[in-house]
Amino acid sequence: MPNALAAESSPYLRQHAENPVDWLAWGPAALERARAEDKPLLVSIGYSSCHWCHVMERESFEDPRTAALMNESFVCVKVDREERPDVDALYMEAVQGMTGRGGWPLNVFLTPEQLPFYGGTYFPPDPRHGMPSWTQVLQAISESWEQNREEIRAGGERLRDRLSGAAHLMPSTQPIAAGALDAAANRLGETFDRRHGGFGGAPKFPQASVIEFLMLRGESEMTLATLRAMAGGGIHDQIGGGFSRYSVDEAWTVPHFEKMLYDNALLARAYLHGWQAFDDEDLREVCVDTLEWALREMRGPEGGFYAALDADSEGVEGRFYVWTVAELREVLGEEADAAIAWLGLTDEGNFLDPHHPQPGLNVLQDRGFSDGGRPERSFRERVSTRLLAVRSQRVRPGLDDKRLTSWNALMITALAEAGAALAEPRFIDAAARCADFVLEQLRDENGRLLRTYNNGEAKLGAYLEDHAFLLEALLALFEATCEARWYEHAMALAEEMIARFADPAQGGFFSTSSDGEALVARRKEVEDTPIPSGSSSAAMGLLRLAQISGEEEYERHAVSVLRLLHEVAPQHPAAFGHLLQAIHWYLSPARPLACPVPGRT
């Protein structure tokens with residue numbers, strides 16, 4: 001019999017609707033049950049395209065005996081981290097503080113007052129590699145709660161102040177100086193991988209905000225090398241377009257295959273700006289192919305964009321994307337040898353997954369990005385078209401078809417900027433249609449912005465990042481079209497964001513609204529990983545709006561963000577790529593306005 005998650009709009013929550021676990025969604029019903037029964041909350045947080053979330057579900061949450069243990073001793077709550085970033089951030093901070101690491105699935109135990117007292121990530125069904133089994137954890141926590149619940153509550157209370165993120169930061173009185181940006185760029189150079197591009201080692205993430213910051217500072221070696229290395233690697237879908245979330249190796253060869261809307265929106269912009277900075281046609285092509293993939297595979301009928309594609313299909317990660325040499329020979333015939341050399345296939349394969357039963361599997365690469373010898377575009381298009389047709393007959397990865405306001409806003413910005421720069425009206429039209437969808441459908445009865453939409457229903461109050469990303473998107477549309485309505489929507493949204501999220505005492509912005517659900521702490525999220533923080537985006541959007549409108553109040557609120565972070569950000573540039581861009585913008589000469597501004601002479 002389905003549990004309470006069957007009625008949810010989140011694909012991730014619905015994936016767990018048939019579990020024997022008596023899951024509830026985060027909300028009043030679950031919290032009241034925990035208080036009434038004086039039971040701990042077992043909060044399990046993940047997302048639909050999370051590989052290890054699927055693994056733990058199969059191993060533990062689908063097992064009737066394990067589910068019985070969970071149901072007997074806990075109020076079990078499932079959370080989609082993409083719908084509830086506030087809950088996820090709060091308890092990720094707690095688990096990282098307890099264990100020194102984090103990730104998903106995130107499993108955390110709370111008192112009925114919502115205070116965390118134990119947590120971790122994936123737990124196996126049997127003890128292995130020094131890890132306890134999930135059932136051992138359940139039994140130990142249940143016994144501890146029965147014997148020591150008041151001590152556990154007291155320990156949770158001591159944690160409360162540590163859970164507020166950056167909310168205790170005080171503004172700096174030091175001047176905001178350009179020299180710190182040069183120091184940040186130099187510090188990034190210390191971790192730059194000169195052999196493979198990117199920063200640091202495996203696993204390697206496509207740090208779009210860092211690349212954008214370096215390009216703003218005029219840096220060319222690290223940015224161009226990284227953009228070309230990622231484009232040529234397996235992290236980039238060579239025949240279908242779009243990028244996977246990260247590479248498990250340092251050479252960008254084998255990705256973790258899930259495709260997130262946010263990565264692709266941010267990377268499309270980075271490749272667009274790379275083309276503009278370096279006049280490299282290969283980079284322009286990657287931008288266009290990424291946006292075409294989003295329009296083809298990720299757009300809903302109303303014009304909004306879906307959240308993600310799963311890494312797995314048929315229960316195996318990457319099965320949809322990998323090829324053998326024999327398969328390419330069968331599909332391509334006489335053009336196979338040239339394609340095999342171009343795409344880097346070998347008989348041994350490069351996808352060495354012990355869970356995959358077939359040997360000799362290859363993730364496709366584009367060798368021409370590294371050696372400068374890309375085949376003619378007509379050949380690449382023929383090969384891609386034929387391989388794509390065959391691949392389309394395979395079992396597709398799962399689709400998370402919810403539309404998130406903030407991630408759609410990132411795609412609006414990418415489409416609007418690309419449409420203007422490339423003189424491509426289809427992209428601008430798609431951006432405008434998506435913006436109309438968000439502004440019209442993702443609203444409550446009072447006209448306030450909502451977070452998520454699916455199956456004809458919008459719900460959950462929007463967060464700072466939803467407002468801030470949409471502010472940037474509306475300004476990008478205004479600059480691309482010169483239509484006054486986008487500017488007017490941006491002004492109204494900025495006023496709402498300031499009224500509901502700004503911190504009048506210490507400056508900056510809280511991640512949740514003043515009239516939203518009260519959790520055990522009200523946080524300020526400030527790090528730009530893997531996407532820009534709401535704080536950084538608010539600063540950037542308000543700086544741009546201040547220049548366009550001439551309203552100094554917008555700049556004052558933007559600078560209040562910079563004053564909280566301008567000393568720490570250059571010391572940790574990999575975590576503050578978008579904030580560093582905002583500082584660069586603040587210190588740069590005013591840019592000429594591309595469009596006439598309503599009401600301003």
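Here, residue 1 is the first one in the sequence, and each next residue gets the next number. No experiment lies behind these values; they were computed from the predicted model shown.
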Checklist entry - Do Ser133 and Asp126 get their side chains close enough for a donor-acceptor pair, meaning under 3.5 Å? => result no
Next on the checklist: Run the salt bridge (charged side-chain N to carboxylate O under 4.0 Å, His left out) test on Arg374 and Glu285 for me, step by step, so that the C-alpha distance in whole Å, both residues' side-chain angles and the decisive distance to 0.1 Å come before the verdict.
Outcome noted: CA-CA 12 Å; Arg374 298 187 81 201; Glu285 182 181 316; 3.5 Å; yes
Item to check | Glu334 atom CD, over 12 foreign heavy atoms within 6.0 Å | outcome: no
Checklist entry - Have Thr253 and Asn350 got a donor and an acceptor in their side chains that come within less than 3.5 Å? => result no
Checklist entry - For Glu525 and Ser511, what are the C-alpha separation, side-chain angles and deciding distance, and is it a side-chain hydrogen bond (donor to acceptor under 3.5 Å, both in side chains)? => result CA-CA 6 Å; Glu525 306 297 340; Ser511 300; 4.6 Å; no
Next on the checklist: Looking only at the side chains, is there a donor atom on one of Ser406 and Glu465 sitting less than 3.5 Å from an acceptor on the other?
Outcome noted: yes
Checklist entry - Asp528 and Ser536: side-chain hydrogen bond (donor to acceptor under 3.5 Å, both in side chains), yes or no, with the steps? => result CA-CA 7 Å; Asp528 300 326; Ser536 300; 2.9 Å; yes
Checklist entry - Any side-chain donor paired with an acceptor under 3.5 Å for Tyr12 and Lys402? => result no
Item to check | Any side-chain donor near an acceptor of the partner, Ser533 and Ser535, under 3.5 Å | outcome: no
Next on the checklist: Can you tell me if Glu381 has over 12 outside heavy atoms packed within less than 6.0 Å of its CD?
Outcome noted: yes
Item to check | Straight-line distance of Leu295 CG to Phe305 CZ, nearest 0.5 Å | outcome: 5.0 Å
Next on the checklist: When you measure from the centre of the six-membered ring of Trp323, is the NZ or CZ of Arg394 closer than 6.0 Å and no more than 45° off the axis?
Outcome noted: yes
Item to check | Option from Glu317, His51, Arg245 for which side-chain hydrogen bond (donor to acceptor under 3.5 Å, both in side chains) with His256 holds | outcome: Glu317
Checklist entry - More than 12 heavy atoms of other residues, nucleotides or ligands under 6.0 Å from CZ of Arg195: is that the case? => result no
Checklist entry - Hey, what's the ring geometry for Phe351 with Phe257, parallel, tilted or perpendicular (30° and 60° as the breaks)? => result perpendicular
Next on the checklist: Would you say that Val95 contacts Pro116 through its side chain, given a criterion of any heavy-atom pair below 4.5 Å between the two side chains?
Outcome noted: no
Item to check | Side-chain donor or acceptor of Asp401 paired with backbone N/O of Tyr306 under 3.5 Å | outcome: no
Item to check | Residues Arg228, Asp280; criterion salt bridge (charged side-chain N to carboxylate O under 4.0 Å, His left out); working and verdict | outcome: CA-CA 10 Å; Arg228 292 190 66 85; Asp280 186 327; 2.8 Å; yes
Checklist entry - In terms of the angle between their ring planes, are Trp23 and Phe61 parallel, tilted or perpendicular, with boundaries placed at 30° and 60°? => result perpendicular
Next on the checklist: What I want to check is whether the side chains of Thr413 and Glu472 have a donor and an acceptor closer together than 3.5 Å.
Outcome noted: no
Checklist entry - Salt-bridged, Glu327 to Arg391, with N to O below 4.0 Å? => result no
Checklist entry - For the rings on Tyr262 and Phe469, is their centre-to-centre separation under 6.0 Å? => result no
Checklist entry - Without hydrogens or angle criteria, can the side chains of His572 and Glu527 be said to hold a donor-acceptor pair below 3.5 Å? => result no
Item to check | Polar side chain donor-acceptor pair, Tyr463 to Asp86, under 3.5 angstrom | outcome: yes
Next on the checklist: Using 0.5 Å steps for rounding, measure from the CG atom of Leu332 to the CG atom of Leu343.
Outcome noted: 8.5 Å
Checklist entry - What's the verdict on salt bridge (charged side-chain N to carboxylate O under 4.0 Å, His left out) for Glu93 and Arg523, showing C-alpha distance, side-chain angles and the deciding distance? => result CA-CA 11 Å; Glu93 173 105 351; Arg523 295 171 58 84; 3.4 Å; yes
Item to check | Shortest non-hydrogen contact from Pro532 toward His578 | outcome: CB-CG, 3.6 Å
Checklist entry - Which is it for Arg377 and Glu281 under the salt bridge (charged side-chain N to carboxylate O under 4.0 Å, His left out) test, yes or no, and what are the steps along the way? => result CA-CA 11 Å; Arg377 185 174 178 87; Glu281 283 297 308; over 6 Å; no
Next on the checklist: Atom CD of residue position Glu376 - does it have more than 12 heavy atoms of other residues, nucleotides or ligands inside 6.0 Å?
Outcome noted: no
Checklist entry - When you check the side-chain N and O atoms of His54 and Asp310, is any donor under 3.5 Å from an acceptor? => result yes
Next on the checklist: Does either side chain, that of Tyr47 or that of Glu258, offer a donor lying less than 3.5 Å from an acceptor on the other one?
Outcome noted: yes
Next on the checklist: A quick test of your reading: do over 12 heavy atoms of other residues, nucleotides or ligands sit less than 6.0 Å from CZ of Arg128?
Outcome noted: yes
Checklist entry - Do you know the tightest heavy-atom contact between Lys459 and Glu8? => result NZ-OE1, 3.0 Å
